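Step one of this worksheet: look at the structure below.
Since we're looking at a predicted model, the values are computed, not measured. Proteins come first, then strands; the chains are lettered A, B, ... in the order of their sequence lines, and each starts at number 1.
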Amino acid sequence: MGCGGACDSSFEVIALIDCNSFYCSCEQVFRPDLLHRAVVVLSNNDGCVIARNREAKAIGIPMGAPYHQYEAALKQNNAAVFSANFPLYANFSNRIMNILNSFSDQVEVYSIDEAFISLDGHSTDVIAYCKVIRETVLKWTGIPVSIGIAPTKVLAKCANKLAKQFPESNGVFALTNTSLIDSALKHIDVDDIWGIARKQAQKLKKRHIHTAYEFKGWNNRALMLSLLSKTGVQLHDELNGIACIAFQLTPEPRKSIRSSRSFKPELSHVDDIAAALSLFTTRAMEKLRKQHSMTQMITVFIQSNPFKAHVPTVRKAQSFGLLTATNDTIVVAKYARQLLHHLHEPGIPIKKAGIILDELTSEDALQDSLFETANANPLMTVMDQINHRFGRDTIHVANHQRFLAKRRAPQWVSPQYTTKWEELRCV
DNA sequence: TCTGGGGTCCTAGGACCC
DNA sequence: TCTGGGGTCCTAGGACCC
């Protein structure tokens, strides 16, 4: 548990390690020629910019920007453009998390490029310790990270932002005493607080609260609760040094699992959408079995292109509850296909479709229904084992090729330098 | 002019995160 | 011509119960 902001000496110490422009940095590791050049990474279908390095941000490329709108600017500035290579990023992420595990016995992997670690027991000189962490990660993986140190997670997020903002910090910034916290929070806008985005920031600004410091000092808790709900009050406490957001050392299984994708070009024929949906179902069920869960609620959705003017946007979804939980791709694929046929109307081009699995339960907490015996299909286990050993989709349940063949392949994927023998770097 | 009171559970949608 | 994907939590309000 944390303590009030006054007791500096007994602060719990949390560090947030955040990889700088993570996807871009991964691409640059194997391309030293790109050092000091603008780099961006694009989403599925090479549609949006989902990562930019410092140089790309300087050109003025916003997060989530449609690529086609910035293509010219990127070319003009000699930027390197990559299609997303998630196996590569996941592999780097695992390496970095492993390194962090050697520096702290309490590591919470928060996202692919972020982790909270506890520095309790390293209290002699946390800044020096974090500098060693930073240098080690950089030396062993080539990925630069920024580290924020503070008594709570929300403050650690703030410290991390400051570490990125001030080059003189050399990537490590500590907010470990009250007066420093106060002066630092004056440099942080309310919408840069973790958990406060556009809508909430608007509400605060209407009440003349513009900086994290002003929010920290706001003492109308009742209004805070009605305005920002209970999470807002938690954030306020965290800014005041009272830890409310617990460490999550072992990841909880997901409560819902989804797989979806946008199509380029759009798909009109129901068989084409069905082929795509069978791939999504396969992926979602792989994730489901990986976390040893079963699902009892299947939702399929389809959407037309919302950006097309003069054409009404179609967004439809339909769910089906199973009598018994299952982890069987074949079973779920069958229901998904039926749901799709209910939803589909001929003549409407579909831009995006997907499947959502809900009502997830643990494999070993199975509840048989009165009429059916729940069981995990042993065929699925065998299929997962074969695919793990010989590569994804070595065997699969339906013809994905129809979808993969129609889809325009991403244009600028880098090799899977670290996860495929055929694509290893030659020296 | 009048139409009880109070509780729980579920769901859709909003807001946020990376 | 071209605009990502996958999560979580919270709340208001409806449905339902006695």
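Rounded to the nearest 0.5 Å, atoms NE2 (H187(A)) and CG (L162(A)) are 8.0 Å apart. The CD atom of E27(A) sits 10.5 Å away from the CZ atom of F22(A) when rounded to the nearest 0.5 Å. Distance check: S304(A) OG to K316(A) NZ gives 10.5 Å after rounding to the nearest 0.5 Å.
Considering only side-chain N and O atoms, S260(A) lies under 4.0 angstrom from the phosphate OP1 or OP2 of dG6(C). Contact between the side-chain N/O atoms of R283(A) and the OP1/OP2 oxygens of dG5(C) is not found at any separation under 4.0 Å. Phosphate proximity of dG4(C) to K351(A): absent, as no side-chain N or O sits under 4.0 Å from OP1 or OP2. Considering only side-chain N and O atoms, S262(A) lies under 4.0 angstrom from the phosphate OP1 or OP2 of dG5(C).
If you check dG5(C), dT8(C), dC18(B) against the side chain of K255(A), the one that comes closest is dT8(C). Ranking dG7(C), dG4(C), dC10(C) by closeness to the T231(A) side chain, first place goes to dC10(C). Closest to the side chain of H68(A), from the set dC18(B), dC16(B), dT3(C), is dT3(C). Distances were taken from every side-chain heavy atom of S111(A) (C-beta onward) to each of dG5(C), dC18(B), dC10(C); the shortest belongs to dC18(B). For K157(A), the side-chain atoms get nearest to dC18(B) when compared with the rest of dG6(C), dC18(B), dG4(C). The nucleotide whose nearest atom lies closest to any side-chain atom of Y110(A) is, among dT3(C), dC17(B), dG7(C), dC17(B). Listed nucleotides: dT11(C), dC16(B), dC2(C). Nearest to the side chain of A197(A): dC16(B). Of the candidates dC18(B), dC10(C), dA15(B), the closest approach to any side-chain atom of S229(A) belongs to dC10(C). Taking the side chain of Q200(A) as heavy atoms from C-beta on, and the options dG7(C), dA15(B), dT3(C), the nearest nucleotide is dA15(B).
If you check every strand for non-hydrogen atoms under 4.0 Å, Y67(A) touches nothing. Across all strands shown, I112(A) has no heavy atoms under 4.0 Å from either base or sugar-phosphate atoms. If you check every strand for non-hydrogen atoms under 4.0 Å, K287(A) touches sugar and phosphate atoms only. Among the protein residues, I193(A) comes within range of the sugar-phosphate backbone only, with heavy atoms under 4.0 Å from sugar or phosphate atoms but none that close to a base.
By the 30° and 60° cut-offs, the orientation of the rings of F116(A) relative to W194(A) is tilted. Between Y417(A) and F30(A), the ring planes lie parallel to each other; the angle is under 30°, not in the 30° to 60° tilted range. Using cut-offs of 30° and 60° for the angle between ring planes, the F86(A) and Y89(A) rings count as perpendicular.
In DNA chain B, runs of at least 3 stacked Watson-Crick or G-U pairs (N1-N3 plus N6-O4 or O6-N4, or N1-O2 plus O6-N3, all under 3.5 Å) give these stems: B:5-18 with C:5-18.
Between K230(A) and F263(A), the residue anchored nearer the 5' end of DNA chain C, judged by the nucleotide with its closest heavy atom, is F263(A). Positionally, the nearest nucleotide of DNA chain C for G47(A) lies more toward the 5' end than for the other of R254(A) and G47(A).
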**Asked** Under the side-chain hydrogen bond (donor to acceptor under 3.5 Å, both in side chains) criterion, do S146(A) and N160(A) qualify, and how do the steps go?
**Response** CA-CA 6 Å; S146(A) 300; N160(A) 192 285; 4.9 Å; no

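Rounded to whole Å, the C1' atom of dC17(C) lies 14 Å from the corresponding atom of dG4(B).
Tested against C158(A) for a side chain to side chain contact (heavy atoms under 4.5 Å, CB included), the candidates D192(A), I181(A), L185(A) yield a single pass: L185(A).
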